[in-house]
A.B. asks: 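Got a structure for you, questions after.
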Amino acid sequence: MIDKVVGSIQDAVADLQDGASIMISGFGDAGSPHELIDAVIEHGATDLTIISNNAGAGEHGIAALIKANRVRKVICSFPRQAASHHFEARYRAGEIELELVPQGNLAARIQAAGSGLGAIFTPTGYGTLLAEGKETREIDGRNYVLEYPIHADFALVKALAGDRWGNLVYRKVARNFGPIMAMAAAKTIVQVADVVELGSLDPECIVTPSIFVDTLVRVVPRATAVAA
Amino acid sequence: MIDKVVGSIQDAVADLQDGASIMISGFGDAGSPHELIDAVIEHGATDLTIISNNAGAGEHGIAALIKANRVRKVICSFPRQAASHHFEARYRAGEIELELVPQGNLAARIQAAGSGLGAIFTPTGYGTLLAEGKETREIDGRNYVLEYPIHADFALVKALAGDRWGNLVYRKVARNFGPIMAMAAAKTIVQVADVVELGSLDPECIVTPSIFVDTLVRVVPRATAVAA
Amino acid sequence: MQRLNREAMAARVAKDIPEGAYVNLGIGLPTMVANFLPAEKEIFLQSENGLLGMGRAPAETDVDWELINAGKQPVTLLAGGSFFHHGDSFSMMRGGHIDICVLGAFQVSVHGDLANWHTGAPDAIPAVGGAMDLAIGAKQVFVMMDLLTKNGESKLVKACTYPLTGLACVSRVYTDVAVFDVGAAGARVVEIVDGLSLDELRALTHLPLEQILEAA
Amino acid sequence: MQRLNREAMAARVAKDIPEGAYVNLGIGLPTMVANFLPAEKEIFLQSENGLLGMGRAPAETDVDWELINAGKQPVTLLAGGSFFHHGDSFSMMRGGHIDICVLGAFQVSVHGDLANWHTGAPDAIPAVGGAMDLAIGAKQVFVMMDLLTKNGESKLVKACTYPLTGLACVSRVYTDVAVFDVGAAGARVVEIVDGLSLDELRALTHLPLEQILEAA
C-alpha cells in the first residue's frame, strides 16, 4: 500500500540538504506553507536557493528563513513588499543574491520545467532591463526573449486536502503557484489541512494528480490549533 | 447581461468562413463535438484546416467533414485509425495535406498559442523524420527541436455542462484537448449537454474559465434525443 | 481648470469599458475603477493571483485571507467566478485573452512605451511582479496617471527616461487633465478638461499635440 | 527452447515494476502487462488521453465510452484516480514524471534507439500518436517484442533501419527468448530462456552479446 503521508512535519523535510533549491508556494500569505518553512528552519539546512513569488514579509514564512540566514539566493518577481525588511537588510548587505523574474515568466519557466521543455520564447520583458543580455527573436512580427526552465530540488506547497496517494485540492486563491511548482520539483512536499480517504476527492476536481506529489503532512490550521 | 448561449447549433457556427482553421476536441469519439461538426457541414464552409488528434473514423465527425470535401489540410498526430477510410482516400488522391505532429508537441504547441509564447524547444521528435529541417539546440546536455505555436480561427469543443458566461466542466476522458484548444482559438464554440444556472458550477472545479469561451449551444445527447 | 480627482479619473476610465469585457485592474489607483463600473453591466474582473469574476470588498466580518486580489486586499467572488493556478492565470494575461488592462505609470511615451516598475534609483530594490506581463498581454492597455509629476514635469513624454516595462504597449492614457491616444501615430488628444486649452496642454507636455474627434 | 508466449512476456515485464511506480503501457502488447501486475501492489497506470489510476476493463454492462484508454478500449478508474486535460497529461509524460513506460517496437538498437512508429514503406500513411513523447519522457523505457521478425531477422540491431521514434531512449528490452539491457554500453543479456545458449542468441542476433549477472 502506498501512503505518502508522513507522521510529522520534521519527517516531511528530513532529506533537505544544504545548497538545495526550494520552490515555495504562495502569493503573499495565501498559500504559503508557513509550517513547512518553520520545519526547514528547525532542520537547519542552509545556503538555500528560494524560488517563490515574494521574498517574505513580516516575521514568518520566507522572512523567517531569511532572518535565520539560510538563504543564499532568491528567485522571485516581487521582493519589495511592506514589511519585507529581513530580505531588504540581507540584500543591501550583499548577503543575498536576487534574480528578479517577471511573474508570468516565473510561472511559465516553472511550467516549462514541469513539462520537459528546454526553453521558451516569451513575450514578457522584451526591450527591458530584465532581458538585458538575453537572446531575443522576432517571430511573426513580435519580439520574444528566450527564457529557460526553473527546476528545483524541492517544492514546499500548501494545499487544502490530500489523500494518501498525494492527490490535492486547494482553497480559493491559495492555489496560486502550488500546482505548477508541484510539477517542477524533484521532490514535492505538501502540507494539507486535511488528509481524506482515498476516493473521496472527486476525480473531476483533483487539481494536482498524485504523480506530482511525494510527501504529505497534515498541519492543523493555526486557529484550530489554538482552540484545541 | 452576458449570455453566450445561442439558441441553435446553426447560430453557433454562423460566422465560419471558407479557409478557416478549426481546432476540434476529442480523442477518437470521446469529446468529439459531432453535432457541431454536422453544423459546419450544413453551413457549407470549405477549404478548412482541421487541427485535431485524429483525422476521423467511420462516417461521423471529422470523417464526415472530409467526406463532404471541406478539408484542405489536417494537422494531427494519428490519422491512421481503423475505419479512417475517408481521410485515406483523400490523402492518397493528393486532395488533402497532412501535417503530422507528435501528440505531445501538438498539445504543447496548442498550449503555447493559448499562453502567448513565441516558440518552444521541445524534446519530442529530435533525431527523427518529424524534426527534419527544423531548428534544434542542445540545452543542458539534452537535444530539443524548436516548434511554433498552433493558433486557430475557431475551436469546436464538447463539454459536459456550461453556464451563460461560458464556464465549462467536462466528463471523464472526454476532457482531453477541449481545455487547451479553448485557450488557443480566436473564437471558441462549445456544445454542452447541459446549460446550468450561473453560480451552480463549483468555482474550485471549473475546468475552463469563461474567458476562454465565446459561444455555447446545448446539444441534447443522442441517446436522450432518441428516447424523447 | 476642472482638474479630475482620483474618483473622477476612475469613473472616466470605467466609461470606456464595455459590457462583457475581461479586465485586469492594476494595483493602486486602477483598482478604484471597479467602484465605477455600472452595476447593470456584466464586466469580468480578473486578478493575476488566480481568480476571475472578482466582486467588491467583503464586509469586515466576511474577510477571507485566501480570497484576495493582486494587491492583497480582501475581495469577493461573483456567482460564475472561478479559481485557477498561476500558470493558467498568466496564460489569460499573456495569451491575449484579457480585453483591457488598466495600469498606473511613471511615464508613458507618445508611442505607447510604458515605464511603471522601477524608478531607476540606484538604491531601490527592484520588484516587477506582473507589471511586464500585463503591459504586453492585454488587447488594450489603459494607463491612469496624473499628467504632471509633483515637480511639474509631464509624465507623457517623447521617450521614457525611466526603465521600461514594455515597448509600444499602451493604447490610451487617462490623466487628471486630458485623455490621450498613444501609439505608432504618436499622441493625440481625445478629451481635455474644461478650462484648459490645447495650447496650454502643449505647453504642459512640451509635445506637438493634435486633438482628435472621438465618435461619441 | 522455452520460448515465452505473450502472457509470459507480459508477466516478466510486470515482475520488474515496483510498487508505487507511475507507469504508461503502450497500445497493443504492452497493455497486457496490466493483467499481470500483482493485486497486492499499488501501481499507478497513466493513459495519455487524460487519466491516472486506470483500473481493469469494466463488465460489458458498465462500458462508458468516455472512460477509455489510449487504445480506445473501455477501462475503469480506481478510487484515487483523476482526470486531466491533454496538456497536463503530456506534461506528466514529457516532464520526467512517469517512472516506466512499456512500448512495442519494430526495432531497438543496442544503444537504445527505438523504431516503433513507421515502417518507412513509401505508401504507408504516417501516424505517430504519442509514441515519440513516450519514448523520450519516461525515466525508464521498456520495450516488449519478439526477438525475431517472421523472416527470422533480429529486431535487436546494431543500428535501426526503420525510421526512428527516439534516440538512446530504451533501457531494457523484453523478448520471447531473452531480456536485454541496452544503452551507452551496448546490449547485454540479462536473462535467457531455458534451452537457449548465449552462443545461440549471438547467432540469432548477429551481435557480440555478453551476459550480465543481475542482482536477484
Side-chain angles (χ1 to χ4, degrees), chain A residues 25-31 53-55 57 76-82 84 87-88 91-92 98 100-108 110-112 114-115 122-131 142-145 158 160 170-183 207-208, chain C residues 27 47-52 54 64-77 81-96 113-120 123-137 160 162-169:
Chain A
S25 67
F27 182 89
D29 276 349
N53 190 58
N54 305 106
C76 77
S77 86
F78 208 81
R80 190 187 62 224
Q81 294 178 269
S84 56
F87 171 80
E88 285 191 37
Y91 178 76
R92 291 194 191 284
L98 171 65
L100 190 70
V101 181
Q103 199 169 154
N105 283 357
L106 185 64
I110 291 169
Q111 288 188 292
S115 303
T122 158
T124 299
Y126 177 82
T128 76
L129 282 177
L130 298 187
R142 200 166 181 208
N143 290 298
Y144 298 88
V145 182
K158 181 180 179 177
L160 174 65
Y170 300 82
R171 185 170 176 277
K172 301 187 178 179
V173 299
R175 186 184 301 195
N176 58 68
F177 281 92
I180 63 173
M181 288 180 169
M183 297 170 71
V207 174
T208 296
Chain C
I27 295 174
S47 187
E48 58 257 45
N49 56 322
L51 73 163
L52 182 64
M54 186 164 59
D64 179 343
W65 290 104
E66 292 185 340
L67 183 49
I68 56 176
N69 64 16
K72 304 191 174 88
Q73 301 162 314
V75 295
T76 51
L77 190 77
S82 55
F83 299 113
F84 34 84
H85 63 55
H86 248 74
D88 285 344
S89 186
F90 279 80
S91 288
M92 290 180 192
M93 295 159 62
R94 293 151 53 107
D113 295 346
L114 173 66
N116 78 345
W117 76 282
H118 193 5
T119 61
D123 66 333
I125 291 182
V128 64
M132 289 187 180
D133 304 290
L134 286 165
I136 57 83
C160 296
Y162 285 100
L164 290 180
T165 307
L167 292 169
C169 53

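This one's a predicted model, so the numbers in the text were calculated from it and none came from an experiment. Each chain gets a letter, A, B and so on, in the order the sequences are listed, and its residues count up from 1.
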A.B. asks: For a quick test of reading the model, state the closest non-hydrogen atom pair linking A:P79 to C:A127 and the distance between them.
C.D. replies: CD-CB, 3.7 Å

A.B. asks: For chain C, which candidate among A:A30, A:P123, A:S77 shows the most heavy-atom pairs at distances under 4.5 Å?
C.D. replies: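 Looking at each of A:A30, A:P123, A:S77 in turn, A:S77 comes out on top.
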
A.B. asks: A:N176 versus chain C, heavy atoms under 4.5 Å apart: side chain, backbone, both or neither?
C.D. replies: both

A.B. asks: Is it true that A:R171 and C:D64 make a salt bridge, defined as a side-chain N closer than 4.0 Å to a carboxylate O?
C.D. replies: yes

A.B. asks: Identify the two heavy atoms, one from A:L129 and one from C:P163, that lie closest to each other, and give their separation to 0.1 Å.
C.D. replies: CD1-CB, 3.7 Å

A.B. asks: Report the distance from atom CH2 of C:W65 to atom NZ of A:K172, rounding to the nearest 0.5 Å.
C.D. replies: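 C:W65 atom CH2 to A:K172 atom NZ measures 13.5 Å (nearest 0.5 Å).
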
A.B. asks: Locate the shortest heavy-atom distance separating C:L164 from A:G127; write the atom from each residue and the value.
C.D. replies: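 Closest approach of C:L164 to A:G127: CD1-O, 4.0 Å.
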
A.B. asks: Please examine the side chains of C:I136 and A:R142, heavy atoms only from C-beta on, and report whether any two atoms are closer than 4.5 Å.
C.D. replies: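 Yes, side chains in contact.
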
A.B. asks: In terms of side-chain heavy atoms, does A:N105 have a donor or acceptor partner in C:R94 at a distance below 3.5 Å?
C.D. replies: yes

A.B. asks: I'd like to know whether the aromatic ring centres of A:F27 and C:H86 sit less than 6.0 Å apart in this structure.
C.D. replies: yes

A.B. asks: Where on A:Y170 is there a heavy atom nearer than 4.5 Å to chain C: the side chain, the backbone, both, or neither?
C.D. replies: neither

A.B. asks: Mind checking whether C:L167 and A:Y126 have side chains closer than 4.5 Å, heavy atoms only?
C.D. replies: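 Yes, their side chains come closer than 4.5 Å.
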
A.B. asks: For C:I125 versus A:R80, what's the shortest heavy-atom pair and its separation?
C.D. replies: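 Shortest heavy-atom separation between C:I125 and A:R80 comes out as O-NH1, 2.7 Å.
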
A.B. asks: State, with a plain yes or no, whether a side-chain heavy atom of A:M183 is found less than 4.5 Å away from one of C:H85.
C.D. replies: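 No, every pair of side-chain atoms sits at 4.5 Å or beyond.
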
A.B. asks: Can you tell me which portion of C:A115 sits under 4.5 Å from chain A's heavy atoms? Options are side chain, backbone, both or neither.
C.D. replies: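 No part of it gets close to chain A.
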
A.B. asks: Given heavy-atom pairs under 4.5 angstrom as the criterion, report whether the side chain, backbone, both or neither of C:F83 touches chain A.
C.D. replies: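 Contact with chain A involves both backbone and side-chain atoms of C:F83.
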
A.B. asks: Which answer fits A:A108, side chain, backbone, both or neither, if we ask what part of it has an atom under 4.5 Å from a heavy atom of chain C?
C.D. replies: side chain

A.B. asks: Would you name the heavy atoms of C:M132 and A:P102 that are closest together and state the gap between them?
C.D. replies: SD-CG, 3.9 Å

A.B. asks: Please rank C:G166, C:A70, C:A135, C:S91 by heavy-atom pairs under 4.5 Å with chain A and give me the top one.
C.D. replies: C:A70

A.B. asks: Do you know which two heavy atoms are closest between C:G130 and A:Q103, and how far apart they sit?
C.D. replies: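 Result for this residue pair: N-NE2, 3.3 Å.
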
A.B. asks: Given a strict heavy-atom distance threshold of 4.5 Å, which part of A:L98 is in contact with chain C: side chain, backbone, both, or neither?
C.D. replies: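 Interface part for A:L98: side chain.
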
A.B. asks: What part of C:T165 gets closer than 4.5 Å to chain A, counting heavy atoms only: side chain, backbone, both or neither?
C.D. replies: backbone

A.B. asks: Count the heavy-atom pairs under 4.5 Å between each of C:G50, C:S82, C:P126, C:S89 and chain A, then report the option with the highest count.
C.D. replies: C:P126

A.B. asks: Contact part of A:V101 toward chain C, heavy-atom cut-off under 4.5 Å: side chain, backbone, both or neither?
C.D. replies: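 Interface part for A:V101: backbone (N, CA, C, O).
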
A.B. asks: Let's test your reading of the structure: which of A:L130, A:D29, A:I110, A:N54 forms the most heavy-atom pairs below 4.5 Å with chain C?
C.D. replies: A:L130

A.B. asks: Distance check, rounded to the nearest 0.5 Å: C:D88 atom CG versus A:R175 atom CZ?
C.D. replies: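 CZ of A:R175 is found 8.5 Å from CG of C:D88.
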
